Structures are given as C-alpha cells and as structure tokens.
Amino acid sequence: MKKRNGFIELLAPAGTPDAFYAAIRYGANAVYLGVESFNARMGADNILLADLPDYVEFAHLRNVKIYVAVNTLIRDDEWPLLEETMEKIVLAGADAVILQDLGVLTYMQAAYPSFECHASTQFSIYNATGVRKAKALGFSRVVIARETPIEEIEKCAMIEGIELEVFVHGALCVSASGQCLLSSSRGGRSGNRGRCAQPCRLNYQCEEAEGLEAPWLSLQDLCGIEEIDHLIQCGVHSLKIEGRSKRPAYVAGVIRAYREAIDGERESLPVRIEEMKSLYYRGFTKGLLNDALITEIGSKGQPNHQGVLIGSVKRYSNGKALIESAHSFVSGDGIRYQDREGNWVGQNISWSESMGEAQILIRFQAKPLIGGDVFLTKNHALEKSLDWNQKKIEPWLGIDGQVVVEIGKKLHIVVKCNGKIWNFESEELIEAARSRGSSQEEIEKQLNKMGGTPFYWNSLEMTLPELAYVPARMVNELRRSMTTQLWDELQQVNHSGDTPELPVSLGNHGVDTLKYTAAVYGANIGERINPKRYHQIWILPELENEPWVAKARACGVPVGWTSLYGQTLPEGENQVEQNDWNQSDLSFGASGINLFPMNRWSVHRLQDLGMETIHLSPELSIDQIRNLSHEKEGDFEVVGYGRIPLMAMRHCPMKAMGICTGNSCESCSRIYHLKDQEERSYPVVRKGKFSYLLSSQPISNLGFFSELKRAGIQNLRFQFWDASDPIETLEEWMEKSSSESREDLNKWLDNQELPGDQRLIKWGVK
C-alpha cells in the first residue's frame with residue numbers, strides 16, 4: 001500500500017538575500033541555504049552565519065522552514081570551525097542541516113541528538129535499500145539522488161519513518177550524485193568540498209570519432225513540472241528546486257510556476273514554462289525521472305544559458321538588423337545570435353523599433369548570420385514584474401484564548417497553542433466603570449489586532465462583569481507582550497547534551513610491511529595476476545565464473561565482490577566491499593573507494609559499522625592521511641596504482657554523439673576516450689546502466705610507500721581495468737619493495753616509465 005502525504009513541501013534555493021526573499025514571496029514552504037563555510041555552493045554569495053538568526057526569524061514568522069546546507073566533506077583540521085558553525089546554526093533556530101559527511105552526522109547525533117539531519121543528494125542514495133540504510137544511520141530525510149527514476153522513487157516513498165525529498169527543477173550533474181572527482185583530479189578544486197570548477201561543461205574530443213568536439217558531458221536542465229502529480233501520488237514529502245547560484249529573478253519565476261502547479265493552477269502552465277526558459281535554459285528534460293534513453297538528456301548545444309527561440313534575422317545594414325519575431329522587445333532584453341563566422345554573440349538590447357506586425361529593427365553589436373536564429377536570454381519585462389519585497393505576515397498559527405476580567409484584579413488571558421498552556425496578566429488592575437463598563441466587542445477588537453504576528457484566534461471566550469472598565473491601552477499592551485512572549489517561547493531552541501570532542505590521535509602507528517589488494521573490473525585480466533602477491537582480491541560479480549577466480553581461492557587468497565556505483569551486488573555467501581549505501585544487508589567487511597572518509601569521526605563510524613578495512617578518500621594528501629589513519633585498530637587503504645572512476649554517469653557520451661548506435665547498453669563492454677583541451681585522455685567504460693569516466697592517468701602512490709607505512713597505511717590497492725594495465729611490472733615492484741632500499745626502488749621505478757598522477761597525494765584538494 002502506498003504511503004500518502006497530505007502536505008507537499010516546495011523547497012526553494014537561496015544563494016543571496018534577495019533570492020531568499022523571492023523564494024518566500026512566491027510561495028516556498030521551505031528554503032535551503034548555505035553559510036560561508038562547508039557548503040556545496042561555495043561560489044555563491046551565501047548567507048552570513050552571523051545573520052542567520054534574522055533570516056530564520058523572518059521565515060518562521062511566515063511558516064517557512066530553513067534548512068542549512070553543510071553538505072561537503074570535512075577534514076580534521078577544519079573540525080573546530082565545523083563545531084562552531086554547527087552550534088551557531090542550532091542556536092539560530094534552523095530546522096535542519098543537510099549533510100554529506102558521515103562523520104558530521106555522527107557528531108551531530110552526539111552533540112545535538114534532537115536536531116534534524118537530512119542526507120544530501122551527495123550522500124548518493126538511489127534506491128529503497130539506501131533509504132532504509134539512511135534511516136538506520138539516523139537521518140530524518142533523504143534527498144534522493146537526481147538520477148533516480150520515478151518508479152524507484154515510488155518504492156523509496158513507501159518506507160515509513162523517514163521523509164523523501166526529490167529534485168524537480170534545475171541543473172543536473174552528469175555524474176551520479178556525490179561521485180565526482182573530475183574537478184579535483186584536474187586542478188584540485190573538489191566538488192565534494194563545494195569548489196567544483198565544472199569541467200563537465202567544457203568541450204571534449206572523442207578519439208574514436210576523429211576528434212569530434214563538443215560539450216559531451218553537459219546535460220540539459222531538469223524540468224519535472226509536468227510530473228508533479230505523479231510525484232505527489234508517490235507520497236514524497238518535498239519537491240526541491242536547484243539554484244543556489246542563480247539570480248533572484250530565476251528563484252522567483254521558478255517558484256511561482258511550481259507553486260501554481262502544486263496548487264492545481266494549470267491554465268498558465270505553458271506560459272510559465274516559457275518564462276522559466278527565458279530565466280535559464282540549457283534545454284529541459286525530465287529524462288532521469290522517467291528513466292529515459294541516454295540520448296535524451298544531453299544538452300546538445302552550448303553548456304550555459306541558451307534562451308528561447310523567438311525569431312530570425314531577415315536583413316542587416318548600418319549596424320541594425322531586421323528581426324521577424326512576435327516578441328515585444330524592450331530596452332534591457334538579452335538576445336543571442338550567430339555572427340557571420342558562426343560564433344555565438346550575446347548582448348543586451350539598447351535600441352529597437354517596431355517596423356510593423358512581427359517586424360522589429362534592433363541595433364546589433366556584431367554582423368549577424370542572415371537567416372540565423374535569435375534567442376531571448378533575458379526577458380526584461382518579466383524580470384521587472386517579479387517583485388521580491390519582503391512579504392507581509394499572513395496569520396497561520398491558531399490559538400485558543402480565555403479572557404478573565406475581574407474588578408480589582410489584573411486582566412488575565414489563558415492561551416492554548418500546540419498542546420501547551422500559557423498565562424498572561426496585565427501590569428495594572430481593572431477598575432470599576434464610573435458610568436458604562438467595557439463591552440466584549442470592544443475588548444475583542446483590540447485583541448484581534450494581530451498584525452505583524454503569525455497568530456489568529458481559533459476561539460476566544462470571555463468572562464466580563466457588567467461594570468468592569470478595561471482601557472484599550474491595557475488590552476493592547478497585554479496583547480503585544482502576549483504575542484511576543486508566546487512567539488519567543490514557541491521558537492526557543494533547547495538542545496541538551498555536552499559537545500563531544502573530535503576523537504584524539506593515538507600517536508604514530510606505523511607499519512613494517514604493506515599488504516596489497518587487487519580490484520579487477522574487466523574481463524580477461526585476472527589470468528595475468530599472481531594471486532599470491534595479494535592478501536585480498538575484489539572482482540565485479542560478473543567475473544565470478546572466470547577460471548582464474550577459482551584458482552586464486554584454491555591458493556588461499558580471498559576473492560570477494562565489489563561494485564561500481566549503480567550496480568547491485570547479488571545475494572550469496574561471499575566477502576563484499578561496500579562502495580555506497582544502496583546494497584542489501586550483506587556482510588560488509590570493507591569500505592571501498594567511493595565512500596570518501598576524510599575525518600576521524602567518519603573513520604570511527606565506519607569501524608563501528610563493522611568495516612575492518614577502510615579505504616581513505618583519494619582527495620587526501622599524505623600529510624592529511626598521517627593525521628587521520630592511526631586512530632583505532634583496523635586496516636587503512638589507499639590506491640597504490642591504477643585508474644579510479646572520476647564519474648558514474650547514467651548518460652553515455654558516445655550514445656549521445658551517435659557514435660554508438662547499438663541497443664544493448666547494459667551489456668556493452670566497449671571503451672571510448674574523451675580528450676580535454678589540455679590533451680588529457682579519459683577512458684569511458686560502460687557497465688550496466690552507468691558509464692564510468694576514468695582518470696586520465698593511473699593514480700600512482702608507489703613513490704610514497706615509505707611515507708604511507710609511517711602514516712599507518714596497511715594496504716595499497718591496485719586497480720585493473722583492461723589488458724593495457726602493467727600488472728607484471730607492478731607485481732615486480734611489490735617483490736622489490738620488501739627487500740630493496742627506497743633509493744634503489746625509486747631508481748627502478750624511474751626506469752620503468754610507469755605513467756602516474758601524484759597530484760592528489762602531494763597536495764590534496766581545496
């Protein structure tokens with residue numbers, strides 16, 4: 001039986017104060033925002049933490065909730081600032097925090113056990129099993145991964161005891177939520193730490209298509225406004241708009257459109273969709289919600305705002321172009337068109353003149369392509385009509401009152417609200433009237449002046465002696481003090497518990513020897529492996545029946561199952577490695593490469609969950625690993641050598657290009673290569689429903705093996721994807737590393753010409 005919610009929350013983004021006011025003005029039920037630290041949109045202006053109490057007060061008076069995004073991965077050296085930030089968020093009265101880091105969740109549960117924590121979309125929950133896991137971990141809400149189709153969302157929404165939040169509009173990451181390392185691998189700006197440089201929006205060449213170049217990793221924007229009824233029927237709790245980096249006009253226009261759609265005002269829907277296109281448009285898709293073909297979600301054009309097609313160029317002379325268009329142009333409109341060399345030009349209109357029906361003369365900055373399309377990128381009249389002045393307070397919180405009037409005593413009001421009872425009294429005593437006593441209507445008139453507060457009277461009873469005189473001044477003073485005290489107490493933050501401290505370092509627990517792990521992701525590779533070199537081998541379950549697997553187990557080497565993002569591990573009696581939170585209740589003994597622990601709280605929580613081996617985040621430097629890795633008994637692992645997945649994509653660039661025309665994507669084993677403008681070549685591997693963009697070079701930490709041992713790393717992991725991997729050379733290095741000096745070993749490494757990227761282990765990320 002499907003779970004149903006009587007209330008659907010419309011959740012708006014706010015990257016600036018004006019966007020915050022616009023969201024509330026146009027009907028958001030909740031607003032999510034970031035402060036100056038630890039949020040995934042560090043490039044946005046964000047709200048100052050010192051000002052957060054004022055924004056919370058403004059929103060709460062209007063029955064709007066505030067969620068603060070603290071949705072990045074945190075390092076140990078940042079923990080004092082994190083504790084200070086969290087304390088101020090809690091004391092400001094925010095309604096919840098949105099988290100990616102398991103360690104931050106663990107800290108919040110210890111420090112503020114009654115405070116709500118939401119699992120960010122970057123926590124990578126994409127199925128019902130993942131929602132159950134998030135609930136068991138202690139989250140009160142899951143922001144479901146954006147690549148989750150509605151049929152799976154429906155299963156997730158049926159789980160009781162945890163809320164479900166779904167993105168319905170805005171930018172889409174081509175990488176699965178929280179699984180992108182492309183920005184950090186290129187320049188050290190980590191998307192997991194709010195500093196993504198958006199390399200996915202750049203042009204890439206496909207080497208298998210004679211260098212065909214385009215922004216093949218760029219996706220269209222999500223527009224799920226036509227799927228709202230379906231999502232409401234599923235029983236989701238919150239519909240989320242992306243856009244903390246967008247302008248206030250975008251927030252106002254999009255929230256208005258979705259507010260009307262949720263409220264059943266569908267007559268204006270076509271107009272609202274066109275308005276949203278003029279506010280920001282890369283092409284609209286609902287493909288991920290509908291599990292659409294992977295060819296239907298790519299942007300197929302420029303990776304930024306494209307605008308709305310509104311006409312074409314008929315002729316041009318003396319700096320002016322005649323446009324055929326039904327749009328009424330005004331000064332301040334923005335347009336985009338191609339010049340005669342085929343380059344796109346964007347400009348604001350400073351002068352236009354109507355030349356008759358659907359004929360407009362416009363001053364152009366460049367000579368346009370005759371017959372070329374003209375796109376509207378800014379609708380000045382629309383944006384001017386959107387007003388985000390601070391919305392007045394509409395009464396929404398009903399209270400029940402009993403007014404007691406007795407001569408010679410203070411005016412007394414008993415108020416009931418939210419199951420609680422308050423008593424309020426005037427400063428002065430009530431006197432007997434000299435001629436005529438006060439009427440009930442006169443007293444009620446003063447008590448009903450609730451303007452500027454969220455309160456209204458559900459019921460109001462009164463005992464009033466005939467000759468009692470209650471001055472209007474007395475009633476007004478009591479009403480004002482009553483509403484002020486009542487609101488303050490209703491908003492009072494009361495979180496008990498001592499603030500826990502970061503688990504302390506236990507000192508340097510260096511190791512004498514390293515153990516080696518092999519992770520095999522491709523077919524016909526394992527025959528080249530000498531299993532006796534490894535203490536553990538992980539394989540994709542699809543490789544289980546390859547003959548070498550049985551031979552390795554016969555040698556006494558454990559061969560367990562691992563997975564890539566989006567894959568499902570089968571049930572069975574086997575060792576398994578946990579790479580995300582969406583697998584069934586298998587016996588996980590190791591955390592894999594995709595959980596990214598960066599702090600001691602995360603490490604301890606994973607160990608408490610039974611992880612004997614923990615793979616540390618590849619975005620940590622050797623100095624950061626040294627501070628993290630010797631906290632508690634257990635094995636810690638980093639990549640020794642091999643390519644790592646930088647993205648997990650539902651999108652297939654080769655399919656979108658038309659290079660691949662096959663229909664058997666889920667059984668595809670072809671490898672393609674995308675080359676960026678710096679000539680870095682990234683292999684793309686398709687497995688199941690996802691494509692995986694691999695690092696342009698293997699990650700190589702072999703030169704740091706002595707430092708890693710001193711830091712307490714017990715395991716080096718070797719990633720094998722295809723037959724080109726230098727397996728024999730790496731196994732020779734393993735043998736030499738146990739006996740030769742560091743100097744001799746490094747000389748040997750230099751002679752092998754092993755390609756490798758050491759950037760992350762040297763410097764980490766921002």
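Just so it is clear, the structure is predicted and the values come from calculations on it, not from any experiment.
With respect to D608 and R605, no salt bridge is recorded, no charged nitrogen being found less than 4.0 Å from a carboxylate O. Salt-bridge formation is detected for the pair E9/R141: a Lys NZ or Arg NE/NH1/NH2 atom is positioned less than 4.0 Å from an Asp or Glu carboxylate oxygen. Between E78 and R193, at least one side-chain N (NZ, or NE/NH1/NH2) sits under 4.0 Å from a carboxylate O, which counts as a salt bridge. The existence of a salt bridge linking R247 and E383 is confirmed by a sub-4.0 Å separation between a basic side-chain nitrogen and an acidic carboxylate oxygen. We find that E275 and K277 are not joined by a salt bridge, their nearest charged nitrogen and carboxylate oxygen being 4.0 Å or further apart. Salt bridge annotation for E394-R62: absent, with no cationic side-chain nitrogen under 4.0 angstrom from a carboxylate oxygen.
Note that OG of S124 and CD of Q179 are 4.0 Å apart. Values are rounded to the nearest 0.5 Å. Put simply, CG on L73 and CG on L595 are 10.5 Å apart, with the number rounded to the nearest 0.5 Å. If you take CZ on R189 and CG on L182, they are separated by 12.0 Å, rounding to the nearest 0.5 Å. Separation of atoms CZ (R259) and CG (L239) is listed at 9.0 Å; rounding is to 0.5 Å.
Considering all non-hydrogen atoms of both residues, V603 and L616 come closest at CG2-CD2, 4.2 Å. Residues N476 and R479 share a closest heavy-atom pair of OD1-NH1, 2.7 Å. Between L137 and Q109, the shortest heavy-atom contact is O-NE2, 2.6 Å.
No hydrogens or angles considered: nothing links the side chains of N627 and D77 as a donor-acceptor pair under 3.5 Å. Between the side chains of N192 and T72, not a single donor N or O lies within less than 3.5 Å of an accepting N or O.
Judged by distance alone, the side chain of E227 and the main-chain N or O of G224 form no donor-acceptor pair under 3.5 Å. For E36 (side chain) and L49 (main-chain N/O), a donor-acceptor pair under 3.5 Å exists by modelled atom type. For E242 (side chain) and A171 (main-chain N/O), a donor-acceptor pair under 3.5 Å exists by modelled atom type. In terms of modelled atom types and a separation under 3.5 Å, the side chain of N71 and the main chain of L99 share no donor-acceptor contact.
Figure legend: K391 and Y21 shown without cation-pi pairing, the cationic atom not lying both under 6.0 angstrom from the six-membered ring centre and within 45 degrees of its axis.
In terms of the side chain to side chain donor-acceptor pair (under 3.5 Å) criterion, S617 has no residue partners (sequence neighbours excluded).
Relative orientation of the Y107 and W79 rings is perpendicular, given thresholds of 30° and 60° on the angle between their planes.
Using a 4.5 Å heavy-atom cutoff, the side chains of Y250 and H305 are not in contact.
Ring pair F139/H118: centre-to-centre distance not below 6.0 Å.
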